[in-house]
Student: 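Attaching a single structure in structure tokens format; questions to follow.
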Amino acid sequence: MLAGELARGGARVVVLEKRHGRTTESRASTLHARTMEILDSRGLLPDLGNPPNEPRGHFGGIPMDLTLPGPHPGQWKVPQTKTEAVLEEWALPLGVDVRCGHTLAAVGEVGGQVEAEALGADGVLRLRARYLVACDGEDSTVRGLIGAEFPGTDAGRELIRADVAGIDVPARRFQRLERGLAIAARNPQGVTRVMVHEFGSTAGRRTGEPSFAEVAAVWQRVTGEDITGGTPLWVNSFGDASRQLARYRHGRILFAGDAAHRQMPIGGQALNLGLQDAFNLGWKLAAVVRGDAGDDLLDTYHDERHAVGRRVLANIRTQATMLLGGPEVEPVRTLLGELITREEVRGHLAGMISGLDVRYPVDGPEHPLLGARLPHALVRTGVGRAATAELLRAAPGGLLLRPAGLAGAPAADWADRVTTVSGEPEPGSALDGAGTVLVRPDGHVAWVGPEGDGLRAALHRWFGPAR
């Protein structure tokens, strides 16, 4: 996502990858509503095919409806290999240079640029660039090389899991038994994913993935079932570590995804959080590299995404306690189960998990839309009706949506970066009566209200000086 956004913005991008080709692991990734909107805004949804949609999710193992107003409610199950392929195949034609099979050995700022050295099959590769973005996972090499402060806690508890063929066990969705937590689900191909945690057990330091024998032994102690006769296809573990970089920006080196935050992957939030980091950063970095905006625009990446990450990590820690805690957490689970039946509580938690409630601290006249994502609405333009997602796809940079019939266009001096659309939102929609709405390339509203000097200031703030 980051590489595609940068290349789409006109920046030359080189991607170094340690892997020697796309992963063959077939596990499904969970794409939430906001991520689906992001992919839709770049015209990538058709490439995902027709993934299954699940309107229900959970909070700490307590079932709940995740649907909220919008075109992509709930969660969408997409093989991770498919998600990776769609993003890679979008980026490559834009000119992204992907170098597989490299291990980063050194990185640092030198003379107003970043220098990096990586080891590959052909020896040492040296690169110089204006900026470097570390998207290299929770054990980030870049983070270690520059000594970035990464406060938080290591894992104290863990879930171990396996995809197993040839077993027949009851389906379980966050079933809390006397001795632990057990989860089991069989896919259409007959492969069963089992996940298990034994209450009171602690997460030791692992040097590799657990063995299938370990998974089977814990599963039997917790459920009483023998799965040793199955064929393991994939085994791994994940703990409840919770860490976040003190700063997402270190001069010309920036961090996104798991390199910036480590969390238990509950409900697929880790993947979505990382993609949304990249989407926030990509257009800003492209604007700076093109010379459209000043370097200070990159500071807003930390300001906006660090706060979002901190909130997501907090809800994941809460869910981890509810899932992996012993009998002592039952009163909390009971109370939350009662509260979730209240629509305002359900909606609040669904917005948090889906990413639809993210609202950035944007200057401007107070308005419910300011800083929030552009909501789904139908707009009547001179050529017919269009959904806001269609308008965003047609606007390669920013979008200025203004009421029909207004004279003049304050965005004319930014016409090379902002597409102006005149139209009228459908009555009763979230945009009805909003007036003029300025939308950033990431789909978040940067200005809303009557046109005036404040609009020009917002255009300058987010899109650089007028031309």
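This structure is a prediction, so every number in the text was calculated from the model and none was measured.
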Student: Is a side-chain donor-acceptor pair under 3.5 Å present for R305 with Y360?
Tutor: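 Judged by distance alone, the side chains do pair up.
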
Student: Using a strict cut-off of less than 4.0 Å between a Lys/Arg side-chain nitrogen and an Asp/Glu carboxylate oxygen, indicate whether E198 and R221 qualify as a salt bridge.
Tutor: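 Yes, charged N to carboxylate O under 4.0 Å.
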
Student: Is there a donor in the side chain of Q269 and an acceptor in the side chain of N315, or the other way round, less than 3.5 Å apart?
Tutor: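 Yes, a side-chain donor-acceptor pair sits under 3.5 Å.
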
Student: Identify whether the distance between the nearest side-chain nitrogen and carboxylate oxygen of D299 and R249 falls below 4.0 Å.
Tutor: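 Counted as a salt bridge, because a side-chain N and a carboxylate O are separated by less than 4.0 Å.
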
Student: Is the terminal nitrogen or CZ of R179 (NZ for Lys, CZ for Arg) located under 6.0 angstrom from the six-membered ring centre of F199 and within 45° of that ring's axis?
Tutor: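 Checked: cation-pi criterion not met.
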
Student: Do D258 and Q263 pair up side chain to side chain, a donor and an acceptor below 3.5 Å, judged on atom types alone?
Tutor: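 Looking only at side-chain atoms, Q263 and D258 do form a donor-acceptor pair, the distance falling under 3.5 Å.
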
Student: Counting the benzene-type ring for Trp, do H261 and F255 have ring centres under 6.0 Å apart?
Tutor: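 Ring centres of F255 and H261 not closer than 6.0 Å.
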
Student: Run the salt-bridge test on E214 and R206 with the 4.0 Å N-O cut-off and return the result as yes or no.
Tutor: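 Between R206 and E214 there is a salt bridge, with a charged N closer than 4.0 Å to a carboxylate O.
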
Student: According to the ring-ring contact (aromatic ring centres under 6.0 Å, His included) rule, which pairs have a member within residues 315-351, sequence neighbours left out?
Tutor: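 Applying ring-ring contact (aromatic ring centres under 6.0 Å, His included) to every pair that reaches into residues 315-351, excluding sequence neighbours, yields nothing.
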
Student: Not counting sequence neighbours, list each pair that qualifies as a salt bridge (charged side-chain N to carboxylate O under 4.0 Å, His left out) and has a residue in residues 351-363.
Tutor: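 Of all non-adjacent pairs touching residues 351-363, those that pass salt bridge (charged side-chain N to carboxylate O under 4.0 Å, His left out) are R311-D357.
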
Student: Just checking, is any N or O donor in the side chain of E304 or N280 under 3.5 Å from an acceptor N or O on the other one?
Tutor: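 Looking only at side-chain atoms, N280 and E304 do form a donor-acceptor pair, the distance falling under 3.5 Å.
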
Student: Within the 3.5 Å criterion, strictly below it, is a donor on Y131 or D295 matched to an acceptor on the partner's side chain?
Tutor: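 D295 and Y131 do have a side-chain donor-acceptor pair below 3.5 Å.
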
Student: Side chains of H444 and R373: do they bring a donor and an acceptor to under 3.5 Å?
Tutor: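 There is no such pair (donor and acceptor under 3.5 Å, judged by atom type) between the side chains of H444 and R373.
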
Student: Would you say the side-chain atoms of R193 and N187 include a donor-acceptor pair closer than 3.5 Å?
Tutor: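 Short answer, no.
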
